[in-house]
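I have placed the structure first, in the form of structure tokens, so that the comments after it can refer back to it.
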Amino acid sequence: MKKIDKYIDSVYQDFDGMEEEIKELKEEMRSHLLELVEELKAEGKSEKEAVQIALDLFGNQTELSNGLMEFFEGQQLFAKKLLRFSISVFIIGLIALSWVAITSPDANKERIELSDRITKQINDDAELSAEEKDQIKKQISSFNGKSEIIHLSIYYSEEGIEEAFPANVQDAEYVYLGMEPASSEEVVTKGYPLNDTWFVQMQQNEKKSYWQYLIPFTLFIVFGVLITIWLLLNSYIKKYIKEVL
């Protein structure tokens, strides 16, 4: 019925966006109007009279259009802001997680770096000179990961690290004692060759720290909550409008 279609189009003519929702609402309104027309025709009204009465009962098209537009604009604006904020939270969470991954220390890499530093301070002699020990001490003191070192000892072994590791501290040519580990810390002992006859043995804390992940994962949880609210809001609005119409 062209008059009904024209009426429905005029009600929604000023709406932008949400094309699927508007199409669905227009079909819903058309269904209600056609159902009402059939009921009126069954009561003895002509089709023309039934259509006019149905449209009159549905309300003034200008008032209905303005009311729907106000409702749609309000919910669209809120939904868009909520979605944008949710996406912003997610992006910030990704940035925070990336920052944690980049800045988290690699304990094994640190130990290898310190071993390389020590290697440059020694020669192939069977004993370390006082100068070499002093240089080794300086390298450890300037090392970024020294606070995690519990124990560091340097050994001379003609058999090499494969035969001598792990070694007894009493056999060490040089010993560095760091801080005692806390009960919650995991102590790892590693050995690294310095050259053919010297190797270093290190005990280092590898405490599993998860606090740095708190911020990114909290942001992801917030994102999930906001997206859920956004989906529920859209679902509720669709259901509400269908009930009203």
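- When atom types are taken as modelled, the side chain of E132 and the backbone of S129 share a donor-acceptor pair closer than 3.5 angstrom.
- Here L36 contributes atom CG and H32 contributes atom NE2; the two are 10.5 Å apart, rounded to the nearest 0.5 Å.
- Atom CD1 of residue I154 and atom CD1 of residue I136 lie 3.5 Å apart, to the nearest 0.5 angstrom.
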Side-chain donor-acceptor contacts of residues 81-88 below 3.5 Å, not counting sequence neighbours, with atom names and distances?
from: S86; atom 1: OG; to: L82; atom 2: O; distance (Å): 2.7
from: S88; atom 1: OG; to: R84; atom 2: O; distance (Å): 2.9

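- Looking only at distances, a side-chain donor or acceptor of E49 sits under 3.5 Å from a matching main-chain atom of S46.
- Every ring pair (Phe, Tyr, Trp, His ring centres under 6.0 Å) that F220 has, sequence neighbours left out, goes to F90.
- Residues passing the side-chain contact (heavy atoms from CB on, under 4.5 Å) test with T119 are L194, sequence neighbours excluded.
- Atom NZ in K190 sits 15.0 Å away from atom CG in L152 (nearest 0.5 Å).
- The side-chain heavy atoms of T197 and N195, taken from C-beta on, include a pair separated by under 4.5 Å.
- Taking E173 as the reference, nothing meets the side chain to side chain donor-acceptor pair (under 3.5 Å) condition, with sequence neighbours excluded.
- The shortest distance between side-chain heavy atoms of M202 and H151 does not fall below 4.5 Å.
- With values rounded to the nearest 0.5 angstrom, L219 atom CG is found 9.0 Å from L214 atom CG.
- K133 pairs by the side chain to side chain donor-acceptor pair (under 3.5 Å) definition with nothing, not counting sequence neighbours.
- Residues meeting the side chain to side chain donor-acceptor pair (under 3.5 Å) test with T218, sequence neighbours left out: none.
- A donor-acceptor pair is defined here as one N or O able to donate and one able to accept, closer than 3.5 Å; such a pair exists between the side chain of N123 and the backbone of D125.
- Residues meeting the side-chain contact (heavy atoms from CB on, under 4.5 Å) test with E27, sequence neighbours left out: none.
- Listed by chain and residue number, L40, K45, L57 satisfy the side-chain contact (heavy atoms from CB on, under 4.5 Å) test with I53 (two or more places apart in sequence, or in another chain).
- With values rounded to the nearest 0.5 angstrom, L114 atom CG is found 6.0 Å from I140 atom CD1.
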Q | Verdict with reasoning, L55 to K3, per side-chain contact (heavy atoms from CB on, under 4.5 Å) | A | CA-CA 9 Å; L55 295 180; K3 191 169 185 179; 3.9 Å; yes
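- Remark: Q52 CD to K48 NZ distance equals 9.0 Å, nearest 0.5 Å.
- Among residues two or more places apart in sequence or in another chain, the salt bridge (charged side-chain N to carboxylate O under 4.0 Å, His left out) test is passed with D134 by K138.
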Carefully, step by step, assess Q121 and Q139 under the rule side-chain contact (heavy atoms from CB on, under 4.5 Å). CA-CA 9 Å; Q121 309 306 321; Q139 290 299 326; 3.6 Å; yes
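- Remark: the backbone N or O of A167 is paired with a side-chain donor or acceptor of Q201 at under 3.5 angstrom.
- Annotation: side-chain contact (heavy atoms from CB on, under 4.5 Å) contacts of K80 (sequence neighbours excluded): none.
- The side chain to side chain donor-acceptor pair (under 3.5 Å) check on Y155 picks up S153, with sequence neighbours excluded.
- Looking at Y174, Y156, Y192 one by one, the single match for ring-ring contact (aromatic ring centres under 6.0 Å, His included) with W198 turns out to be Y156.
- Of all non-hydrogen atoms in S115 and V200, the two that sit nearest each other are OG-CG1, 3.5 Å.
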